[in-house]
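Here is how names work: the chains are called A, B, and so on, in the same order as the sequence lines, proteins then strands, and each is numbered from 1.
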Amino acid sequence: MISALNSALDDIFGAMRLRRVWIALAHEDIGDQHRRTTLGPLWLLVNYLAFAGTFVFVFQPAGKDAAGYAAYVAIGLMVWFYLMEVISLSVPLFKREESFIEGTTLPLFVYVMRLTVQSAIRAGYAVAGCVMILLISGPPLTPAWLWSLAGLLLILLTTPALITVFAFIGAFFPDSEFIVGNLMRVGMFFTPVFWVYNGQGTIQTFAYLWNPFTYFLDIARIPILMGKFPSNAFAFTGVAAILMWAMALLLLGRYRRQVVFLI
Amino acid sequence: MVSIKLDKVSLVYKLHEKLTLSAPDRRLGATGGRIEGSGRKQFVQALDDVSFELTAGDRLGLVGPNGAGKTTLLKVLYGIYEPSGGTVGIEGKVDALFNINIGFRREATGRRNIVLRGLINGWSEAEIEEKMEDIIAFSELGDFIDLPFKSYSQGMAARLAFSVATALDPEILLMDEWIGAGDASFQEKAKRRMDELAEKAGIIVLASHSESLIQSVCTKRLTLKGGRVESLTTAPTKRARTATKF
Ligand SMILES: Nc1ncnc2c1ncn2[C@@H]1O[C@H](COP(=O)(O)OP(=O)(O)OP(=O)(O)O)[C@@H](O)[C@H]1O
Ligand SMILES: [Mg+2]
């Protein structure tokens with residue numbers, strides 16, 4: 001146990017010393033994805049706005065809830081897309097980095113941080129779009145917004161752990177790529193991303209209360225929409241973050257030297 | 001003190017998928033490691049009981065048929081693979097040239113790729129800055145250095161890879177079959193740089209099928225077969241032989 005922890009921390013500190021590597025690689029990744037396009041990474045903003053706009057337009061309830069719904073969907077989609085992208089890109093992470101893993105001795109956490117930075121940069125464009133929608137649709141700007149910011153930070157801090165855990169799952173069980181892919185696609189409908197929970201139906205209740213993603217969405221959404229601190233959601237997300245990190249350290253410590261033989 | 005010490009090192013690749021083998025009773029050919037086990041528990045014994053020691057100034061040539069375990073041994077020395085058994089002791093800063101494309105980004109220019117490579121090798125920004133012009137000059141890529149890497153030929157890529165890998169005077173340099181891609185004049189130049197490196201009390205381990213290359217570069221020769229050491233000889237090189245004439 002102790003030796004696993006030491007080994008994991010070795011890997012993580014090694015990666016931290018090489019931070020310029022993953023920062024540089026992440027920027028290259030973003031640059032490559034948008035090379036030769038006119039808008040460049042601004043496409044990420046356009047994508048987000050098109051998606052959020054469609055949802056608002058199609059699902060917006062009539063009457064005075066309308067403004068609140070736009071903000072609800074804007075934040076919900078932002079967080080959901082971020083988590084979905086992070087998870088679906090983590091599962092095949094080690095396979096994707098195969099040539100590096102088989103040709104260099106970089107710590108595995110370098111690849112984890114590379115994806116973290118890349119996802120964070122991409123999410124930045126969605127955040128910009130989200131702020132635009134919030135300013136237009138107009139929930140009042142209150143100090144409670146800071147709790148939403150804290151919520152986003154908590155999600156960001158959980159990201160490397162999430163990536164590590166799913167990357168190891170992907171390395172050990174090749175089938176998981178497809179299972180996770182399907183779950184994430186279906187998951188959108190079982191998570192209150194664009195539908196609002198107000199006590200209706202058993203499936204909705206179940207999907208609201210027992211879906212961990214609900215709480216990740218709530219910590220970013222409730223402070224802005226309701227002007228209050230969602231203590232339950234924060235507590236749940238905090239515990240989930242700690243568990244994820246514990247699992248990530250364990251996997252990294254135990255199995256990091258095996259990954260090269262698995263991919 | 002730069003040194004390499006291997007003691008009874010073995011390495012097993014576990015196969016998670018079934019190997020497609022036509023005959024169940026296979027003979028032990030000259031090619032490849034040994035395939036053992038059956039069904040879902042098959043594995044390849046790529047290295048078996050490999051022991052040797054190298055000290056400063058040694059230039060080891062790894063030879064043997066395809067699949068003998070040369071690349072695997074280099075990767076064990078570099079630290080990519082943890083051996084399944086035995087111990088590896090390495091003193092010194094190691095650099096390696098396996099696949100010339102590793103760490104190079106196709107879309108980025110040669111110059112940017114030098115920076116990325118340097119960062120991956122753990123160099124500081126100042127070191128990269130300082131070596132940049134040397135590396136470009138040694139590679140002789142000229143104006144191509146500011147073109148994307150994808151516009152390079154195999155040999156040009158090999159030039160860049162070799163120039164970067166040897167720029168910071170690694171104490172131990174591991175090389176796998178890379179040199180074939182460079183043209184004659186670059187091979188000559190590369191050999192000189194390897195000589196310099198070895199004279200600075202470094203260690204070179206070079207795996208190759210080219211007899212002339214091994215003879216002109218190496219002072220020792222390790223023959224692998226089916227993952228086992230068949231022989232380890234200290235061969236007088238051409239240079240040593242000509243040197244004794246004087
Ligand atoms: N990733 C892998 N998974 C399973 N077996 C492997 C793997 N890599 C190599 N092997 C096996 O290990 C043995 C040694 O391979 P290695 O690549 O070290 O040979 P080599 O001496 O470098 O050959 P070559 O001269 O063709 O480059 C071979 O039998 C090969 O089939
Ligand atoms: Mg080989």
Side-chain angles (χ1 to χ4, degrees), chain A residues 3 7 10-11 13-37 40 94-111 113-114 117-118 170-176 253-263, chain B residues 11-17 43-44 46 71-72 74-84 88 90 93-109 112-128 148-150 161 164-165 172 174-176 178:
Chain A
S3 75
S7 160
D10 263 2
D11 194 86
F13 288 135
M16 289 304 152
R17 271 194 299 279
L18 291 169
R19 62 187 162 280
R20 284 170 316 138
V21 173
W22 40 267
I23 293 172
L25 287 176
H27 279 101
E28 293 285 326
D29 292 336
I30 300 275
D32 276 3
Q33 282 152 10
H34 301 280
R35 198 173 299 275
R36 291 153 54 83
T37 59
F94 292 146
K95 186 82 208 154
R96 222 174 28 243
E97 302 279 13
E98 186 176 6
S99 75
F100 270 78
I101 294 177
E102 288 184 351
T104 67
T105 49
L106 290 175
L108 287 183
F109 208 67
V110 164
Y111 310 113
M113 290 312 291
R114 175 186 187 174
V117 173
Q118 198 191 329
F172 281 104
F173 312 106
D175 290 313
S176 60
R254 279 272 161 80
Y255 301 113
R256 67 183 174 118
R257 301 308 303 267
Q258 254 95 69
V259 167
V260 66
F261 293 112
L262 290 172
I263 49 179
Chain B
L11 191 125
V12 181
Y13 289 107
K14 294 195 190 71
L15 297 170
H16 297 270
E17 291 141 346
F43 54 88
V44 176
T71 303
T72 307
L74 287 173
K75 288 188 172 180
V76 168
L77 292 176
Y78 194 29
I80 294 171
Y81 293 145
E82 195 165 57
S84 325
V88 180
I90 306 253
K93 192 163 59 90
V94 190
D95 226 317
L97 276 172
F98 294 122
N99 176 342
I100 45 180
N101 292 317
I102 288 170
F104 283 132
R105 293 193 68 90
R106 289 176 45 73
E107 300 286 346
T109 64
R112 176 77 180 144
N113 269 308
I114 295 176
V115 175
L116 289 176
R117 260 283 169 119
L119 290 177
I120 290 168
N121 289 351
W123 304 355
S124 70
E125 231 130 77
E127 280 171 326
I128 297 173
F149 184 77
K150 64 181 174 187
V164 179
I172 298 174
L174 311 172
M175 274 181 297
D176 192 7
W178 64 274

- Query: Which heavy-atom pair separates G103(A) from I80(B) by the least distance, and what is that distance?
  - Reply: C-CD1, 3.7 Å
- Given G118(B), A108(B), G79(B), the one with more heavy-atom pairs under 4.5 angstrom with chain A than any other is G79(B)
- Answer key: most heavy-atom pairs under 4.5 Å with chain B among V110(A), V21(A), I101(A) is V21(A)
- Message: Between L116(B) and chain A, with a heavy-atom cut-off of 4.5 Å, which part of the residue counts as in contact: side chain, backbone, both or neither?
- Response: side chain
- Message: Within a 6.0 Å radius of atom CZ on R36(A), are there more than 12 heavy atoms belonging to other residues, nucleotides or ligands?
- Response: no
- Is chain A contacted by the side chain of L11(B), its backbone, both, or neither, given a heavy-atom distance below 4.5 Å? side chain
- Task: Tell me, yes or no, whether the heavy-atom count around R257(A) atom CZ, taken from other residues, nucleotides or ligands under 6.0 Å, exceeds 12.
- Result: yes
- Parallel, tilted or perpendicular: which describes the rings of Y13(B) and F261(A), with under 30° parallel and over 60° perpendicular? perpendicular
- Message: To the closest 0.5 Å, what do you measure between CZ (R117(B)) and OG1 (T104(A))?
- Response: 9.5 Å
- Any side-chain heavy-atom pair from R105(B) and D29(A) closer than 4.5 angstrom? yes
- Query: Under a 4.5 Å cut-off applied to non-hydrogen side-chain atoms, are E102(A) and K75(B) in contact?
  - Reply: yes
- Query: Residues in side chain to side chain donor-acceptor pair (under 3.5 Å) with E125(B), at least two apart?
  - Reply: R20(A)
- Note on the structure: CG of L18(A) to CD1 of I120(B), rounded to nearest 0.5 Å, is 9.5 Å
- Message: Could you tell me if the side chain of E82(B) sits less than 4.5 Å from the side chain of V260(A), heavy atoms only?
- Response: no
- Message: With a 4.5 angstrom heavy-atom cut-off, is it the side chain or the backbone of R106(B) that approaches chain A, or both, or neither?
- Response: neither
